[in-house]
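Being a predicted model, the structure only gives us computed values, none of them experimental. Any value given below was found using the heavy atoms of this structure, including those in side chains, with hydrogens, waters and symmetry copies removed. Counting starts at 1 for both ligands and their atoms, following the listed order.
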Amino acid sequence: MTLKIAVMPGDGIGPEITKEAVRVLEALRTDGLKVEFEYAPIGGAAYRETGHPLPESTVALARASDAVLFGAVGDFSLDTLPRHLRPEQAILGIRKALNLFANFRPAMVYPELADASSMRPEIVAGMDILIVRELTGDIYFGTPRGHRICEDGPFKGDREAFDTMRYAETEIRRIAHVAFQAARKRNGKLCSVDKANVLETTQFWRDVVTEVAKEYPDVALSHMYVDNCAMQLLKDPKQFDVIVTGNLFGDILSDEASMLTGSIGMLPSASLNENNFGLYEPIHGSAPDIAGKDLANPLATVLSAGMMLRYTFGMEEYAARIESAVKAVLATGPRTGDIWRDGKVKTGTQGMGDALLAALAAQ
Ligand code: NAD
């Protein structure tokens with residue numbers, strides 16, 4: 001079977017980094033990987049081409065494909081558009097359209113990069129955390145939301161804006177199952193993060209996760225308040241194996257965890273639906289400050305392609321080959337500026353791609 005990948009480069013550095021990930025996947029063709037690519041515009045690029053950041057044809061291509069490789073969206077020059085036409089709405093929209101409710105964000109520190117973290121190497125060296133973030137619910141999507149005149153309380157008569165935090169039992173159950181199963185394949189530890197001392201929604205989250213835990217007696221479940229978790233990630237990140245949390249807390253904690261690892265340019269992610277169909281993307285944005293300059297680190301996107309082979313296609317061997325090529329380049333190859341240090345050859349986006357292809361060929 002030939003795997004059909006929809007490639008959505010998006011804005012800023014998106015086209016440069018997805019190009020290198022596609023080259024890496026193409027290189028595996030010589031070892032039997034059957035893969036083909038079809039491209040669709042998304043974000044600011046799609047707005048400029050079609051008048052909408054997420055055209056119907058882009059969603060249709062995703063639906064007709066086996067997986068999506070996504071670059072990044074975001075274009076500051078379009079920030080004055082009405083919210084529904086801004087580039088970032090495309091990523092929220094496509095996650096919702098494809099029901100990609102489970103976001104996997106691994107945050108691990110490569111030994112070669114332990115000194116690139118802003119934390120002391122002894123705190124982060126060996127850290128290997130998987131954050132499972134619920135992606136299609138919570139305050140990001142909850143309704144009602146909007147603006148109105150405040151009807152009660154000390155600010156009665158004032159203008160106010162409001163959002164709604166809500167989670168249905170089924171939404172919590174399905175992400176809890178995904179997280180317990182992931183923990184089972186790793187070190188068997190799951191920490192569920194909430195704010196159950198203050199928020200009804202997250203007390204309910206804690207209750208449902210605790211119920212689901214009865215089906216996974218082999219996984220050690222703990223609960224932590226989000227404010228404590230934010231501190232513990234800095235104090236002792238190695239205490240964590242898998243973290244599961246809602247959309248809002250997961251957004252913030254996964255960015256925090258990513259910075260422990262040294263560079264945002266290193267971190268991949270997967271967003272999956274119930275059938276393991278997935279959208280794979282680096283966690284960073286479109287980095288307009290370095291776009292088009294051959295400066296972006298493509299490794300997060302390349303590692304996202306590796307996650308695609310593992311999670312959607314179950315091709316562990318090819319995924320492991322990509323990961324070991326990345327490790328080989330980090331150990332002895334050239335580096336982009338974000339992870340460069342004395343003694344290393346500095347290269348650009350394409351140069352990293354070339355080094356990865358050489359490392360793959362040498363395996
Ligand atoms: P960003 O992640 O794009 O960039 C933050 C910093 O990290 C910048 O200094 C950038 O140069 C650097 N950086 C990011 N990726 C890099 C890489 N691969 N290699 C080297 N350096 C890298 O975040 P931002 O500047 O806050 O946002 C820029 C745009 O991206 C905004 O429009 C934002 O809305 C959008 N955004 C999109 C996504 C997404 O598509 N999923 C995620 C976050 C931000």
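Of the listed residues (Arg184, Arg186, Lys185), just one forms a salt bridge (charged side-chain N to carboxylate O under 4.0 Å, His left out) with Asp241, and that residue is Arg186.
Near ligand 1, residues Ile13, Phe70, Ala72, Val73, Gly74, Asp75, Phe76, Glu88, Ile264, Gly265, Glu281, His284, Gly285, Ser286, Ala287, Pro288, Asp289, Ile290, Ala296, Asn297, Asp338 each place a heavy atom inside the 4.0 Å sphere around the ligand atoms.
Checked by atom type and distance alone, the side chain of Asn99 never pairs as donor or acceptor with a backbone atom of Glu274 at under 3.5 Å. Under the 3.5 Å distance criterion, the side-chain polar atoms of Arg174 are left unmatched by any main-chain donor or acceptor of Ala102.
A distance of 4.0 Å separates CG of Leu267 from OG1 of Thr261, quoted to the nearest 0.5 Å.
Salt bridge annotation for Arg86-Glu88: absent, with no cationic side-chain nitrogen under 4.0 angstrom from a carboxylate oxygen. A salt bridge links Glu323 with Arg310: at least one charged nitrogen is closer than 4.0 Å to a carboxylate oxygen.
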